[in-house]
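Predicted model only: the values in this text are computed from it and were never measured.
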Amino acid sequence: MKGKFKKFLMASSFATLLSGFNLVNYAFADSIAVNNESKEVLEQKEKLKQSVNIDKYDLVKKSELGVKKGYDKDDPEPDWAPGDSFGSPKGTNNISFAAFAPGDIIVVHDGSVAWGYYRHAAVWDGAYYTGSLDSYAFIEANVENQPGDGQSNVHYSTARKFRNYDQAVGLYVNTLEQQFRTLARDYIKNQLGEPYKFVGSYKSDTSTWYCSKLAWKAYYDIGNRDLDYDGGLYVYPDDIYQDGDTKIFATGS
């Protein structure tokens with residue numbers, strides 16, 4: 001009994017030590033953190049999720065990837081696929097880009113995909129945005145910008161592209177000040193031209209990118225914020241949407 005109690009004390013002391021280390025590790029970023037989401041914001045997120053037919057597009061657990069809808073995890077289709085088949089987006093929404101700032105994240109829903117409700121994500125750059133939907137506004141990691149253009153990499157996309165989905169949601173990382181969100185955008189700009197890859201592009205790999213991993217890695221490195229809601233080797237748009245560090249500021253449907 002005494003031996004077990006001694007092990008318990010040792011384990012507790014080690015856990016306390018680790019906790020102290022983590023507090024130091026995150027102290028710098030946390031020193032500029034703003035308030036966490038209010039009850040009203042959390043209710044807004046929940047209301048938005050309930051306003052769509054979640055049951056129809058059953059959210060897929062990461063362990064089930066490749067099981068539903070005939071999705072082949074070893075040979076995935078592009079993440080711009082809509083409807084009940086894969087292909088380019090065919091919907092429309094009315095999201096306003098007026099409030100977007102560098103580093104803000106957009107997630108979009110259009111039809112049914114195997115990895116969740118939101119099928120794609122991108123990060124607002126804004127440097128070339130003129131107010132025209134046809135000006136470059138977002139940076140994304142995707143198989144293509146437009147079907148057939150061969151841009152299977154990290155590249156700029158127009159604002160109009162993200163109006164071509166049934167639903168769009170603007171998110172910002174509300175636990176970091178704007179200066180750090182801008183630095184996250186700068187991190188992403190440094191990846192322009194790097195290759196797109198989904199299967200095998202684990203979160204630890206910084207040589208290839210897919211849409212939500214690009215946003216996740218920027219905030220993980222720059223602001224010590226882990227936007228992956230449930231952890232794992234991959235991070236999906238749903239993870240970023242559901243994570244407690246993101247807050248909704250714009251919607252379109």
Side-chain angles (χ1 to χ4, degrees), residues 60 62 65-66 69-83 85-91 102-129 135-165 168-169 171 184-222 226-228 232-241:
V60 179
K62 295 180 181 180
L65 188 64
K69 308 182 189 306
Y71 180 76
D72 181 357
K73 65 181 180 180
D74 294 319
D75 186 21
E77 294 289 345
D79 66 355
W80 39 256
S85 62
F86 296 98
S88 56
K90 300 175 182 176
D104 289 345
I105 302 167
I106 191 169
V107 294
V108 287
H109 162 77
D110 189 319
S112 174
V113 292
W115 47 88
Y117 183 77
Y118 292 103
R119 58 182 289 175
H120 190 39
V123 174
W124 180 267
D125 171 51
Y128 302 108
Y129 182 64
S135 58
Y136 287 116
F138 291 95
I139 301 175
E140 63 176 355
N142 202 357
V143 67
E144 290 178 331
N145 186 18
Q146 298 295 332
D149 68 6
Q151 290 193 69
S152 187
N153 56 20
V154 180
H155 53 255
Y156 281 103
S157 288
T158 65
R160 184 179 301 280
K161 175 177 180 177
F162 294 88
R163 284 277 187 89
N164 293 333
Y165 295 83
V169 179
L171 304 167
R185 184 279 312 270
D186 293 343
Y187 178 98
I188 288 170
K189 290 180 75 170
N190 288 335
Q191 317 313 318
L192 284 165
E194 293 192 355
Y196 168 87
K197 182 181 178 182
F198 180 54
V199 172
S201 184
Y202 301 131
K203 291 192 295 186
S204 58
D205 173 22
T206 57
S207 63
T208 60
W209 305 94
Y210 56 90
C211 66
S212 41
K213 174 186 166 182
L214 187 63
W216 172 85
K217 182 62 173 175
Y219 279 102
Y220 189 80
D221 276 16
I222 298 300
D226 186 350
L227 304 185
D228 189 352
L233 294 176
Y234 295 89
V235 54
Y236 299 97
D238 283 1
D239 291 322
I240 294 175
Y241 173 80

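Of the possible donor and acceptor atoms, none in the side chain of Asp125 sits under 3.5 Å from a partner among the backbone N and O of Ile139. Checking side-chain atoms of His109 against main-chain N and O of Tyr117 turns up a donor-acceptor pair under 3.5 Å. Without hydrogens or angle criteria, Asp110 side chain to Gly91 main chain gives a donor-acceptor distance under 3.5 Å. Within the 3.5 Å criterion, the main-chain N or O of Tyr236 finds a donor-acceptor partner in the side chain of Asp239.
Atom OG in Ser152 sits 11.5 Å away from atom NZ in Lys197 (nearest 0.5 Å). Atom CG of Leu233 is separated from atom OG of Ser204 by 7.5 Å, given to the nearest 0.5 angstrom. If you take CG on Leu192 and CG on Leu214, they are separated by 8.5 Å, rounding to the nearest 0.5 Å. Note that OH of Tyr219 is 16.0 Å distant from CG of Asp228, once rounded to the nearest 0.5 Å. Here CD1 of Ile105 is found 9.5 Å from OG of Ser212. Values are rounded to the nearest 0.5 Å.
The heavy-atom pair separating Ser207 from Glu194 by the smallest distance is O-OE1, 4.3 Å. Contact detail for Cys211 and Ala121: the closest heavy-atom pair is CB-O, 3.2 Å.
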Please report the C-alpha distance between Trp216 and Asp226 in whole Å, then the side-chain angles of each, then the deciding distance to 0.1 Å, and finally whether the side-chain hydrogen bond (donor to acceptor under 3.5 Å, both in side chains) criterion is met.
CA-CA 7 Å; Trp216 172 85; Asp226 186 350; 2.7 Å; yes

Could you walk me through whether Lys217 and Ile222 pass side chain to side chain contact (heavy atoms under 4.5 Å, CB included), step by step?
CA-CA 8 Å; Lys217 182 62 173 175; Ile222 298 300; over 6 Å; no

Let me see the working for Tyr128 and Tyr156 under ring-ring contact (aromatic ring centres under 6.0 Å, His included), right down to the final yes or no.
CA-CA 10 Å; Tyr128 302 108; Tyr156 281 103; 5.3 Å; yes

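The only member of Val235, Val199, Val154 that meets side chain to side chain contact (heavy atoms under 4.5 Å, CB included) when paired with Tyr210 is Val235.
For the pair Lys213 and Trp209, the cation-pi criterion (under 6.0 Å, within 45° of the ring axis) is fulfilled.
Here the side chains of Thr206 and Gln191 are not in contact, with every heavy-atom distance at 4.5 Å or above. Looking only at side-chain heavy atoms (C-beta outward), Ile106 and Glu140 stay at 4.5 Å or farther from each other.
Between Phe198 and Tyr234, the two ring planes are tilted [angle within 30° to 60°]. Between Trp124 and Phe138, the ring planes lie perpendicular to each other; the angle is over 60°, past the 30° to 60° tilted range.
A centroid separation of 6.0 Å or more is found between the aromatic rings of Tyr129 and Tyr136.
Residues meeting the ring pair (Phe, Tyr, Trp, His ring centres under 6.0 Å) test with Tyr187, sequence neighbours left out: none. Not a single side-chain contact (heavy atoms from CB on, under 4.5 Å) links Asn190 to another residue, sequence neighbours left out.
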